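For the single chain, residues carry numbers from 1 onward in sequence order. Quick caveat, the model's predicted, so the values are computed rather than measured.
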Amino acid sequence: MSEESVPQQGEGTGRPKGLLQQMEELMAALNADLSALDADLQSAGRGTEEGETG
């Protein structure tokens with residue numbers, strides 16, 4: 001499992017992060033992962049489907 005899935009305390013503030021902040025951070029991490037996956041899939045697909053446009 002990665003660190004992102006583990007609930008963490010605030011960055012040295014001594015109080016837990018709010019649920020909204022945790023959700024925003026998880027969504028940002030998910031968005032970055034999906035963007036990287038999309039780029040990988042598009043680069044892999046270029047070699048096999050050169051005639052098509054999206």
Side-chain angles (χ1 to χ4, degrees):
M1 298 297 288
S2 64
E3 296 181 356
E4 291 87 3
S5 64
V6 178
Q8 296 180 354
Q9 298 294 320
E11 304 285 324
T13 60
R15 62 181 186 182
K17 292 181 181 180
L19 182 59
L20 181 59
Q21 184 179 355
Q22 290 180 30
M23 291 299 295
E24 288 174 347
E25 291 174 4
L26 289 171
M27 290 299 294
L30 178 61
N31 192 26
D33 289 345
L34 289 175
S35 295
L37 177 61
D38 184 48
D40 289 346
L41 290 174
Q42 286 186 12
S43 66
R46 284 191 187 129
T48 58
E49 303 176 13
E50 288 188 6
E52 297 183 29
T53 57

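Here Glu24 pairs with nothing under the side-chain hydrogen bond (donor to acceptor under 3.5 Å, both in side chains) rule; sequence neighbours left out.
Atom-to-atom distance recorded for Glu25:CD and Leu30:CG is 13.5 Å, nearest 0.5 angstrom.
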Exercise answer: donor-acceptor pairs, residues 31-38 side-chain atoms, under 3.5 Å, sequence neighbours excluded:
unit_1	atom_1	unit_2	atom_2	d
Ser35	OG	Asn31	O	3.0
Asp38	OD1	Gln42	NE2	3.3
Asp38	OD2	Gln42	NE2	3.1

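Apart from Leu20 itself, the hydrophobic cluster it occupies contains nothing, where clustering links Ile, Leu, Val, Met, Phe, Trp and Tyr at side-chain heavy-atom distances under 4.5 Å.
Nearest heavy-atom pair across Gln22 and Lys17 is NE2-O, 3.3 Å.
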